[in-house]
Amino acid sequence: MDYIKLANLLYPDAKDASYWEEKYKQRNLKEGAEVVRIAPSPTGYLHIGNFFGAMVDYEIAKTTGGVFYLRLEDTDKKREIDGADFVAVNSLNTFGIAPIEGSTPSGVEVGNYGPYRQSNRLEIYKSYAKKLVSEGKAFPCFCEKAGDVNEVYERREKELQNQETISEKDVCRNLSYDEICQKLKQGKKFALRLKSNGKEGDKVFGYDLCRGKMEFPANCKDIVLMKDNGIPPYAFAHVVDDYLMKTTIVVRGSDWLSTWPQHLEIYNALGLKPLNYVHTPLICKLGENGNKRKISKRYDPEADMRYYLEMGIPTVAVCEYVLNLANSNFEIWRAKNPDLDFREFEFNPKKIGVSSPLFDMNKLLDISKNIISKMTALEVYNNVLNWAEQFDNDFAIYLKNNKEFATKVFNIDRESKKPRKDLEMFSQAKQVFSYAFSNFLKDMNLDDYEIEKENFEKVKEVLTNYKQVVNCLDDKETWFNKIKEQASKLGYAVDNKEYKENPQNFKGNTATFCEFVRVAITGRKNSPDLYTIISILGQEETINRLEKLEKLL
RNA sequence: GGUCCCGUGGUCAAGUGGUUAAGACACCGCCCUUUCACGGCGGUAUCAUGGGUUCGAAUCCCGUCGGGAUCACCA
């Protein structure tokens, strides 16, 4: 068989591969600088697993002084979602770890190694496909392709039941030149397949930065390099792209581990040295059967990065959580450096774990509430407003019209060394500060107050007395003295030790007295400093709230 | 079923032949406290399992079990 003749038949107008080699020069980077990429598909959202990879990319590029670029892998026309091209890059942008090269939100591409969208690189793939054909390493296949995904699953199920091996050489690999000509003349479309050299028992090695040298059985399948629509699947496209874009480390999820031998054979066929890879652990959740499983968009809202925005979790918190998953010594560093930006952490790709972690919302929210507790009241205001503008318009309008008041509320117990940590996410603001942001006097019914029935009488007595002396203009000491005075008068212990020794002698202690007042003012037993709340509410509102509950009882 | 990966407390994990097996989150208890918090202190581990190597194993070797990923002209 004259392979060059075949190559010209199949790809008459393809440029020679050397054209591209010439065009894309080596990057001018200092020694040790790594070139990494994120390669999302336009599926309409950014998956947390991809985000994890992007974080690793970002950190590697940062710590080595390298390049982090984005390449859009839009070769699957069936899965593509309209307008989704920039979802991933936009997400990375809002989370603060955007790539510096490749596709950008504006649609303009930055960098000298483009196009950065695979559908615009078909000419390039064609060159390398032609090269492989001309060397007898690839052949056209005219077989009918499988149908949709479900059909593939069904077929696979059957094969597994019958314990068939799936690694047969393709029937078209021995077609003669004339046979190929004939089929082309009939107008038949062809897919290009790799003529696999793999034999049963062959071994192949890959180098993973975290896992070290790994051994696999060599690929034996004549995998597809070009689909019959002229577009390459991932396996071929990424090898060509990463080579021409001068990538040095491929970061991807460990769900790619088992197809690695295929990729290694493609490198080999192309005469290229395989790149270093990092296979990141898969973020998991507990399924209904109690087993771990890969987190997925279909069942888990947390898989979609937009979820965290909707919840109003600070983007930095999400970054820190994911970073901690990638390098678990991050939180030790964080404890030592509470005020540094997470980007100053020294990341080590070798420390990326190999076992798949369970997603832990508790942990994320802990990080989140600590971050929020360190913000100024104005920062909290701006963040809550920003959240509300997207997800709660009424609340946004309210916040805009009451900026001064809202900021004061957010400032309660904030400017101390030990600020409260009530807010885990901005979406909780309305509920956490309900005593300030709801129409309290109108909305509250007796059932809404946190009081036990047996205390009704005592509460009423406290309110009746306290409303006569409360003055929201008092300084804190005077205010508290009045509390103690009233408490003492009504039979509440002012001295806590005394109360503990003989609780039966008192109706309660100052704390109990305060609790009753607090419930009237806020509806809850749990709220920040009462004095501050009363000062913010003002005299009239304070009295009204005391009287309202008094009347209800 | 084949292949590959993984197995330290509820979760994330440090730990690579000798440790009282770190730390964080969650949970529980106590202390501080005008409530709520914040903070402080404390609590819970036969390191999946069986065998082997060794004076000594979470750590090395083998088996078993368990879990995961993957097996498309999807990425």
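Proteins come first, then strands; the chains are lettered A, B, ... in the order of their sequence lines, and each starts at number 1.
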Practice item. Check salt bridge (Lys or Arg N to Asp or Glu O under 4.0 Å) between A:Asp208 and all other residues, then give those that pass, not counting sequence neighbours. Key: none

Point to revise | Charged N-O contact under 4.0 Å between A:Arg117 and A:Glu73 | key: no

Check your understanding: Can you check the A:Asn50 CG to B:C74 P distance for me, whole Å?
Key -> 19 Å

Check your understanding: Between A:Trp256 and A:Tyr234, does the ring centroid distance fall short of 6.0 Å?
Key -> yes

Point to revise | Atom pair distance, as rounded to whole Å: CG in A:Leu423 and P in B:C38 | key: 13 Å

Revision key, fill the gap. For nucleotides 19-26 of chain B, 5' to 3', base contacts (B), sugar-phosphate-only contacts (S) and non-contacts (-) with protein non-hydrogen atoms under 4.0 Å give ---BBBSS

Review point. Is any side-chain N or O of A:Lys351 closer than 4.0 Å to OP1 or OP2 of B:A13?
Key: no

Review point. Looking for any heavy atom pair under 4.0 Å, which part of the strands does A:Leu358 touch: base, sugar-phosphate only, or nothing?
Key: sugar-phosphate

**Study point:** Face-on cation placement of A:Lys213 at A:Phe205 ring, 6.0 Å and 45° thresholds
**Key:** yes

Review point. Whole Å only: how far is the CD atom of A:Glu415 from the P atom of B:A37?
Key: 22 Å

Exercise for review: Please measure how far the C1' atom in B:C12 lies from the corresponding atom in B:A22, and state the result in whole Å.
Suggested key: 14 Å

Check your understanding: Can you name the residues that form a side chain to side chain contact (heavy atoms under 4.5 Å, CB included) with A:Phe506, not counting sequence neighbours?
Key -> A:Ala493, A:Glu498, A:Tyr499

Review point. Paired with B:G1 by Watson-Crick or G-U wobble geometry, both distances under 3.5 Å: which nucleotide is it?
Key: B:C71

Review point. Say you pick atom P in B:G42 and the same atom in B:C4; how far apart are they, in whole Å?
Key: 47 Å

Review point. Think A:Lys525 has a side-chain N or O under 4.0 angstrom from the OP1 or OP2 of B:A37?
Key: no

Exercise for review: Measure centre to centre between the rings of A:Tyr321 and A:Phe359, then say whether the value is under 6.0 Å.
Suggested key: yes

**Study point:** Nearest-neighbour nucleotide for the A:Pro357 side chain, B:U34, B:A75, B:C12 considered
**Key:** B:C12

Exercise for review: Assign the ring pair A:Tyr277 / A:Trp260 to parallel, tilted or perpendicular, where the plane angle (0 to 90°) is split at 30° and 60°.
Suggested key: tilted

Check your understanding: Taking the same atom, C1', in B:A45 and in B:U19, what whole-Å distance lies between them?
Key -> 15 Å

**Study point:** C1' atoms of B:G67 and B:G51, separation to the nearest Å
**Key:** 23 Å

Check your understanding: How is A:Phe480 classified with respect to the nucleic acid when contacts are heavy atoms under 4.0 Å: base, sugar-phosphate, or nothing?
Key -> base

Review point. Between B:C12 atom P and A:Leu323 atom CG, what is the distance in whole Å?
Key: 17 Å

Point to revise | B:U59 versus B:U3 - spacing of their P atoms, nearest Å | key: 26 Å

**Study point:** Sub-6.0 Å ring centroid separation between A:Phe410 and A:Phe433
**Key:** yes

Which atom pairs link the protein and nucleotides 64-70 of chain B when you take only N or O atoms and keep those under 3.5 Å?
unit_1 : atom_1 : unit_2   : atom_2 : d
B:A69  : OP1    : A:Lys294 : N      : 3.3
B:U70  : OP1    : A:Lys294 : NZ     : 2.8
B:U70  : O4'    : A:Ser258 : OG     : 3.2
B:U70  : O2'    : A:Ser258 : OG     : 3.0

**Study point:** Rounded P spacing from B:C61 to B:U54 in Å
**Key:** 16 Å

Review point. Which nucleotide sits closest to the side chain of A:Asp76: B:C73, B:U34, B:C74?
Key: B:C74

Review point. Considering every strand shown, what is the Watson-Crick or G-U wobble mate of B:U16 when both distances are under 3.5 Å?
Key: none

Check your understanding: Using the C1' atom in both, what is the distance from B:U46 to B:G9, to the nearest Å?
Key -> 12 Å

Practice item. Take atom CG of A:Asn219 and atom P of B:C4, then tell me their distance rounded to the nearest Å. Key: 14 Å

Exercise for review: Could you please name the option among B:C6, B:A75, B:U34 that lies closest to any side-chain atom of A:Val354?
Suggested key: B:C6

Exercise for review: In whole angstrom, give me the gap between the P atoms of B:A21 and B:U44.
Suggested key: 12 Å

Exercise for review: Would you mind classifying the nucleic acid contact of A:Ala511 as base, sugar-phosphate or nothing, using non-hydrogen atoms under 4.0 angstrom?
Suggested key: sugar-phosphate

Revision key, fill the gap. Note: for A:Asn229 and A:Asn526 on RNA chain B, the residue whose nearest nucleotide lies more 5' is A:Asn526

**Study point:** Nucleotide forming a Watson-Crick or wobble pair with B:G66, both distances under 3.5 Å
**Key:** B:C6

Review point. Is B:U59 paired to anything, Watson-Crick or G-U wobble with both distances less than 3.5 Å, and if yes, which nucleotide?
Key: none

Check your understanding: Crowded around A:Glu415 CD? As in, over 12 foreign heavy atoms under 6.0 Å?
Key -> no

Point to revise | Sugar-phosphate, base or nothing in reach of A:Met214, heavy atoms under 4.0 Å | key: sugar-phosphate

Check your understanding: With a 4.0 Å cut-off on heavy atoms, is A:Ser41 in touch with a base, just the backbone sugar-phosphate, or nothing at all?
Key -> sugar-phosphate

Check your understanding: A:Ser373 near the nucleic acid: base, sugar-phosphate alone, or nothing, with a heavy-atom cut-off under 4.0 Å?
Key -> nothing

**Study point:** Distance in angstrom units between A:Lys421 NZ and B:C38 P, rounded
**Key:** 7 Å

Practice item. Indicate yes or no: does A:Asp241 engage A:Arg121 in a salt bridge with an N to O separation below 4.0 Å. Key: yes

Review point. Should B:A22 form a Watson-Crick or G-U wobble pair with both distances under 3.5 Å, which nucleotide is its partner?
Key: none

Review point. If you pin A:Leu325 and A:Lys227 to their nearest nucleotides in RNA chain B, which one's is more 5'?
Key: A:Leu325

Point to revise | Paired nucleotide for B:G42 [Watson-Crick or G-U wobble; both distances under 3.5 Å] | key: B:C28

Point to revise | Qualifying side-chain hydrogen bond (donor to acceptor under 3.5 Å, both in side chains) pairs with a residue from residues 36-57 of chain A, counting only residues at least two apart or across chains | key: A:Arg37-A:Asp242

Practice item. May I ask you to decide if A:Gly230's main-chain N or O and A:Lys189's side chain share a donor-acceptor pair within less than 3.5 Å? Key: no

Review point. Separation of A:Asn324 atom CG from B:U11 atom C1', in whole Å?
Key: 12 Å

Review point. What pairs with A:Glu265 under salt bridge (Lys or Arg N to Asp or Glu O under 4.0 Å), at least two apart in sequence or on another chain?
Key: none

Practice item. Measure from CG on A:Leu225 to P on B:A75 and round the result to the nearest Å. Key: 13 Å

Check your understanding: Across the strands shown, which category fits A:Arg211 at heavy-atom distances under 4.0 angstrom: base, sugar-phosphate, nothing?
Key -> sugar-phosphate

